[in-house]
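Letters A, B, ... mirror the listed sequences (proteins, then strands); counts begin at 1.
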Protein chains: 2
Amino acid sequence: MRPSRFDHWPCQIARSADLLGDPWVPMILRECTYGVSRFDEFQQRLSIGRNILSTRLARMVEQGLLEKEPYQDHPPRHRYRLTAKGHGATLILAAMVRFGDDFLFEQGRSPIVLRDRETGRRLRPIVVDEATGEPLDPANVVPAAGPGFPGGARLAREWFQPTQADERSSS
Amino acid sequence: MRPSRFDHWPCQIARSADLLGDPWVPMILRECTYGVSRFDEFQQRLSIGRNILSTRLARMVEQGLLEKEPYQDHPPRHRYRLTAKGHGATLILAAMVRFGDDFLFEQGRSPIVLRDRETGRRLRPIVVDEATGEPLDPANVVPAAGPGFPGGARLAREWFQPTQADERSSS
DNA sequence: CTAGTGAGTTCCAAGTTGGAACTCAATGGT
DNA sequence: ACCATTGAGTTCCAACTTGGAACTCACTAG
């Protein structure tokens with residue numbers, strides 16, 4: 001059957017995963033941050049099949065991550081550029097870079113670093129709590145029902161307290 | 001043909017995308033943070049096919065995101081739990097939550113919020129630069145060759161300066 | 001002796017992937 | 001005028017993946 005879609009699940013993670021849940025999409029976004037914008041350039045740099053690239057770009061445009069902008073008429077040509085939403089998604093890529101630094105490559109052997117485009121200063125992404133500036137401690141962060149959670153409080157309680165309350169039952 | 005693998009590309013984004021580049025994987029990680037750990041519980045909460053779940057869990061164990069731990073012998077039973085690496089990956093989920101807040105749901109209508117497990121305080125994830133604490137401005141962040149970039153400086157320069165230097169050519 | 005639970009495996013039709021070849025339109029030599 | 005090239009795709013097809021349903025196996029509870 002067709003792969004499941006997640007774009008209507010009431011969950012930011014599900015919907016983001018629906019957008020980025022194909023490895024080519026982060027790759028294309030990465031290329032965009034370098035300034036790549038033309039079909040053949042994507043195709044050659046990523047060694048992606050032209051048909052695959054074609055469907056991916058179309059989907060990303062439809063989803064609002066990229067926009068397709070003509071830059072010349074007579075041989076009709078266009079470029080693909082990041083939208084604000086697409087730029088927003090690159091922060092997820094930044095989190096991936098950090099994850100890679102921490103868990104996928106040896107200390108100091110990362111192939112890529114992030115830099116400030118203007119000053120060239122190295123940037124080390126880290127996910128913190130906006131209010132306190134404290135780094136999030138993954139083991140201590142739990143999703144909970146938010147204002148847009150469908151179905152009311154009882155459902156929320158059921159959903160977020162799986163049958164096994166075997167670990168922490170207080171409160 | 002089989003989907004391309006990215007787990008040997010010299011790039012943190014590519015390798016992370018290889019791990020998370022299937023929407024089920026973020027979903028399973030999300031469930032783990034709620035405390036879900038048993039096969040059937042994943043299966044029912046996500047409505048994922050048992051065969052798919054089976055292969056995903058096995059792959060995630062192999063990749064070191066989860067560990068499979070027996071918790072009883074006689075009917076042999078086990079649970080799946082996040083490893084340190086798995087917990088690290090949840091920071092990417094936190095970035096997805098933020099992206100969803102900013103671009104996928106109306107202000108104040110997000111289905112999910114993150115909370116401190118102990119205090120219950122709401123946490124708003126944001127990606128900042130570790131050194132300055134300044135939020136990353138996506139439009140101003142560019143990937144560049146890092147210490148582990150293969151192939152030396154000339155290759156790096158070629159790679160990170162696509163043919164079109166049409167936008168910013170200084171420095 | 002029957003029903004139920006946990007944890008999978010097997011089966012299969014329908015859908016997706018990716019490499020190669022093909023199209024089309026316009027421009028650049030020669 | 002003719003041929004090659006570039007940009008941007010489409011078309012084709014065999015191999016592989018997905019997911020729903022049914023099946024297995026090992027115990028436990030009634």
Side-chain angles (χ1 to χ4, degrees), chain A residues 1-7 9 14 17-18 21-28 31-32 35-62 66-81 162-164 166, chain B residues 1-9 14 17-18 20-28 31-32 35-62 66-81 162-164 166:
Chain A
M1 312 289 170
R2 69 192 161 311
S4 316
R5 300 316 312 269
F6 296 82
D7 49 351
W9 286 40
D18 195 73
D22 171 322
W24 289 119
V25 172
M27 291 300 101
I28 291 169
E31 295 300 308
C32 287
V36 171
S37 70
R38 296 197 320 294
F39 189 92
D40 278 50
E41 222 181 342
F42 286 116
Q43 194 274 312
Q44 285 160 38
R45 294 175 58 99
L46 296 175
S47 309
I48 179 177
R50 311 178 72 74
N51 48 356
I52 307 293
L53 178 58
S54 184
T55 60
R56 288 307 176 279
L57 288 173
R59 182 187 305 169
M60 288 169 78
V61 167
E62 190 188 308
L66 300 180
E67 59 192 346
K68 186 173 182 174
E69 171 199 63
Y71 66 90
Q72 124 179 355
D73 274 351
H74 251 296
R77 295 279 178 269
H78 28 70
R79 59 166 67 123
Y80 294 89
R81 325 195 63 182
T163 59
Q164 305 290 91
D166 55 0
Chain B
M1 310 292 169
R2 71 193 159 308
S4 314
R5 302 313 315 266
F6 297 81
D7 51 349
H8 289 296
W9 286 40
D18 194 73
L20 303 183
D22 170 324
W24 289 120
V25 172
M27 290 301 101
I28 291 168
E31 295 300 308
C32 287
V36 172
S37 69
R38 297 197 318 295
F39 189 92
D40 278 51
E41 221 179 344
F42 286 116
Q43 195 272 312
Q44 286 160 37
R45 294 174 60 100
L46 296 175
S47 310
I48 179 178
R50 312 180 69 75
N51 48 355
I52 306 293
L53 178 57
S54 183
T55 60
R56 290 306 177 279
L57 289 173
R59 184 187 304 169
M60 289 169 78
V61 167
E62 190 186 308
L66 300 181
E67 59 192 347
K68 187 174 182 175
E69 171 199 63
Y71 66 89
Q72 126 180 354
D73 273 353
H74 250 299
R77 296 280 177 266
H78 27 71
R79 59 166 65 121
Y80 294 88
R81 325 196 63 182
T163 59
Q164 304 291 92
D166 56 359

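- Protein atom CG of B/Asp22 is 14 Å distant from nucleotide atom C1' of C/dT17, rounded to whole Å.
- A/Arg45 has its CZ atom 17 Å from the C1' atom of D/dG7, to the nearest Å.
- Neither OP1 nor OP2 of D/dT18 sits under 4.0 Å from any side-chain N or O of A/Ser4.
- Comparing A/Gly49 and A/Pro75 by the nucleotide of DNA chain C that holds the closest heavy atom to each, the one mapping nearer the 5' end is A/Gly49.
- OP1 or OP2 of C/dG18 lies within a sub-4.0 Å distance of a side-chain N or O belonging to A/Trp24.
- One interatomic measurement links the two molecules: CG of B/Leu53 to P of D/dT17, which rounds to 18 Å at whole-angstrom precision.
- For the residue pair A/Tyr71 and A/Arg79, the shortest heavy atom distance occurs at CD2-N, 3.6 Å.
- A/Ile52 places its CD1 atom 14 Å from the P atom of D/dT17, with the value rounded to the nearest Å.
- Atom CD1 of B/Ile48 is separated from atom P of D/dA21 by 15 Å (rounded to the nearest Å).
- Looking at residues two or more places apart in sequence or on another chain, you find a ring-ring contact (aromatic ring centres under 6.0 Å, His included) between A/Phe6 and A/Trp9, B/Trp24.
- The distance between atom CG of B/Leu46 and atom P of D/dT18, rounded to the nearest whole Å, is 15 Å.
- Partners of A/Gln43 according to the side chain to side chain donor-acceptor pair (under 3.5 Å) rule, which considers only residues two or more places apart in sequence or in another chain, are A/Arg50.
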Exercise for the section: Using a 4.0 Å heavy-atom cut-off, write out nucleotides 1-11 of chain C from 5' to 3' as B (base contacted by protein), S (sugar-phosphate only) or - (no contact). Expected result: ----BBBBBBB
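- Not a single salt bridge (charged side-chain N to carboxylate O under 4.0 Å, His left out) links B/Asp7 to another residue, sequence neighbours left out.
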What pairs of donor and acceptor atoms, side-chain ones from residues 53-62 of chain A against any protein atom, are under 3.5 angstrom apart with sequence neighbours left out?
residue	atom	partner	partner atom	Å
A/Thr55	OG1	A/Ile52	O	2.9
A/Arg56	NE	A/Asp22	OD2	2.6
A/Arg56	NH2	A/Asp22	OD2	2.7

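- For B/Arg77, the salt bridge (charged side-chain N to carboxylate O under 4.0 Å, His left out) test picks out no residue, with sequence neighbours left out.
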